[in-house]
Protein chains: 2
Amino acid sequence: MGVSIKEVAARAGVSVGTVSNVLNRPDMVKAETVEKVHAAIDELGYVPNSAAQQLREGQSRSIGLVALDINNPFFTDVARGAERAAALGRHTVLLANSGESIEREISNIEMFERQRVRGVLVSPLSEDLSRLRDVRKRGIPVVLVDRGTEDTSFPSVAVDDVAGGELAARHLLEGGRRRLAFVGGPMRIRQIIDRYRGAAAAVAAVDEATITSIETEALSLDEGMRVGGELRALVARGEIDAVFAANDLLAIGVQQGLLGGDDPVAIPGDVALVGYDDISFAAAAVVPITSVRQPRELIGETAVALLEEVRESESEPRHVVFEPELVVRSSSAPAPTA
Amino acid sequence: MGVSIKEVAARAGVSVGTVSNVLNRPDMVKAETVEKVHAAIDELGYVPNSAAQQLREGQSRSIGLVALDINNPFFTDVARGAERAAALGRHTVLLANSGESIEREISNIEMFERQRVRGVLVSPLSEDLSRLRDVRKRGIPVVLVDRGTEDTSFPSVAVDDVAGGELAARHLLEGGRRRLAFVGGPMRIRQIIDRYRGAAAAVAAVDEATITSIETEALSLDEGMRVGGELRALVARGEIDAVFAANDLLAIGVQQGLLGGDDPVAIPGDVALVGYDDISFAAAAVVPITSVRQPRELIGETAVALLEEVRESESEPRHVVFEPELVVRSSSAPAPTA
DNA sequence: TTGAAAGCGCTAACAG
DNA sequence: CTGTTAGCGCTTTCAA
């Protein structure tokens, strides 16, 4: 079970209170005693038990981050930003992976609540925030990450996904494309809906332009590849001349699907492609992919800052919205004079 | 501080022991009482405090996984395998990121020890395992992941990196390449050294073949890109006709560097490229990258299995070594009849 | 089938 | 400056 503070005290010939003081307020203790205690700690290899500390203090030093999908570099970057900000306050970020499953998301949040974390940063999968309201009611602050602000009672950091969708679609339209396909899903995810809505709005503003939505089961390379393969025929028949993928993982997969098989189509010749997130792999794809960039690490940092804010004061929760930015690469070069 | 079991007991009109029994051994309790207690739990929104549970039980239900770099998809895949295996035993995997920094690795391991995790899975950065031996001495089992077996006292899962390096280099040599560059680092990382050694052995077996090592500061896209840019000139002068990158992140970066600028070189025309790990992005690169595949998820699963093994019995620690496999793609097509 | 109580390791308040 | 002690929330004996 490990060495406890009691054994250290016995070894050093002092009381447990003194050992605790050496560890937590060394200036209250005589230098000589400090030394004796440190010697005992080293000899015994004492490591404090954080469960006991936490039980005593009623609060953990950790912040829980529930990631939609840890295999998406977007989230590891958000996590990195969060870690950096947390470290400033001597806190730790615990990362849990929902793998795009609502059940796992729920169980991760519950795990964090059991741990009495300082707060939970979450990009909820479902539209139903009642569970999160319960968590907050029980005293654990919640910050919404990468999420719209329908319910303004939670602090939130987000990127304007509607604007991002518009940006992407308008760029395709300006390049002469008229028959767009939106690839993304599942469609219960708010960010995906917003990106689609933004794109649809841009399309509606242009005569003769259309957009078809192709729903995927996940935001993964594999799903993208599957859809890309199916799209080849449509592109060949001229029914689609541009694809807007809801994230870069999908976009990279779609590209592989489009370029694969015996009847590959040309990017951007036959079809233009735009992704979302601007993960570092987007620039390294077969045809470098135009993408909508989000300030990933900044999102993580801001989430932690908002958490501390809401813990410290009862003030109105803040809603930070960042603007997305289009990064143009060759996958979306203008259509060859349609 | 949240609702405690005491309040639930009061609300339900029973003792705390009974509430605990309802939660942990419901068959010992009268059905009627079970219902009363559940009602109280729901009304109060009680969530057990895991710090208290753990303090009482002396053990956490979590397994600590210390990843070298969470931004490398290789590790998130290993983590996924570990999570899956852990879930079978109703355990949780806690992920900590060392970001290739020894200090962070040490502090992560210490954090896990404070938490009294069931065990630590780690790919140690440094060659010095004494710290890990201390951890083990204090009763926390340690499993080495993705790591050679110089110290056979720890259970380990690894892939034969020397064989992997050989595989890569031999393939390049068979394609007619003779002037290889190895890109990787920092050179204190065992896996990197092994991959280089394997490659060097293969090169030594072929007349007139040479290999130059170019050390990088990190195994990242950015470092790869930097080196790739520098290599362009060497390739143009014919001093290098193949690059073996120590992992795919580097390889993808190297490729970008080689193809970038005003004087790009041709892959595989001027220079062949092989990476390592076979992360899913390797196949999606501008020129799809040949790579040495490791069974990533299986590595994670096996690590958890070895942990349970060593916890259950005092038997000799096992050392599982998987064989790497070369996945050939177009980046390494044979030289154009040198 | 239930209640009472000890004790896990730690911190902080208080007394000396 | 140091020792003693209560109590954080929980599980598990032991009695009733």
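A note on names: the letters A, B, ... follow the listed sequences, proteins ahead of strands, and every chain is numbered from 1. From a predicted model like this one, the values you see are computed outputs, not experimental measurements. Any value given below was found using the heavy atoms of this structure, including those in side chains, with hydrogens, waters and symmetry copies removed.
Taking atom CG of residue B:Asp27 and atom C1' of nucleotide C:dT2, one finds them 15 Å apart after rounding to whole Å. A:Tyr46 has its OH atom 7 Å from the C1' atom of C:dG9, to the nearest Å. One interatomic measurement links the two molecules: CE of B:Met28 to C1' of D:dT13, which rounds to 10 Å at whole-angstrom precision. Nucleotide C:dA5 holds its P atom 13 Å from the NZ atom of B:Lys6, rounded to whole Å. C:dC8 atom C1' lies 10 Å from atom CD of B:Glu57, rounded to whole Å. As a whole-Å value, the separation of A:Asn49 CG from C:dG9 C1' is 6 Å. Atom CG in B:Leu55 sits about 7 Å away from atom P in C:dG9, given to the nearest Å. In this structure, B:Leu44 places its CG atom 15 Å from C1' of D:dG9, rounding to the nearest Å.
Closest to the side chain of A:Val29, from the set C:dT2, C:dA12, D:dT2, is D:dT2. Here the side chain of A:Ser15 is nearest to one of D:dG3, C:dT2, C:dG9, namely D:dG3. For B:Ile5, the side-chain atoms get nearest to D:dC10 when compared with the rest of D:dC10, D:dT13, C:dG9. Each of C:dC10, D:dC1, D:dG9 was ranked by its minimum atom distance to the side chain of B:Ser4; first place goes to D:dG9. In the set D:dT2, D:dT12, C:dG3, the nucleotide with an atom closest to the side chain of B:Arg25 is D:dT12. The side chain of B:Val16 sits closest to C:dA5 out of C:dA5, D:dT2, C:dG9. Relative to the side chain of A:Ala52, the nucleotides C:dC10, D:dG9, D:dG3 differ in distance, and C:dC10 lies closest.
Within residues 17-24 of chain B, the residues that place at least one heavy atom under 4.0 Å from DNA chain C are, in residue-number order, B:Thr18.
For B:Thr33, a side-chain nitrogen or oxygen approaches OP1 or OP2 of C:dT2 to under 4.0 Å.
Salt-bridge annotation for A:Glu7 and A:Arg11: absent, with no side-chain N of the basic residue lying under 4.0 Å from a carboxylate O of the acidic one. Using a 4.0 Å cut-off between charged side-chain N and carboxylate O, B:Asp134 and B:Arg131 make no salt bridge.
Every salt bridge (charged side-chain N to carboxylate O under 4.0 Å, His left out) that A:Glu83 has, sequence neighbours left out, goes to B:Arg104. Residues that satisfy the salt bridge (charged side-chain N to carboxylate O under 4.0 Å, His left out) test with B:Asp69, not counting sequence neighbours, are absent from this structure. Partners of B:Arg25 under the side-chain contact (heavy atoms from CB on, under 4.5 Å) rule, at least two apart in sequence or in another chain, are B:Asn21, B:Met28. For B:Arg84, the salt bridge (charged side-chain N to carboxylate O under 4.0 Å, His left out) test picks out B:Glu297, B:Glu301, with sequence neighbours left out. Remark: A:Pro186 engages A:Glu100, A:Arg188, A:Ile189, A:Glu215 in a side-chain contact (heavy atoms from CB on, under 4.5 Å) (not counting sequence neighbours).
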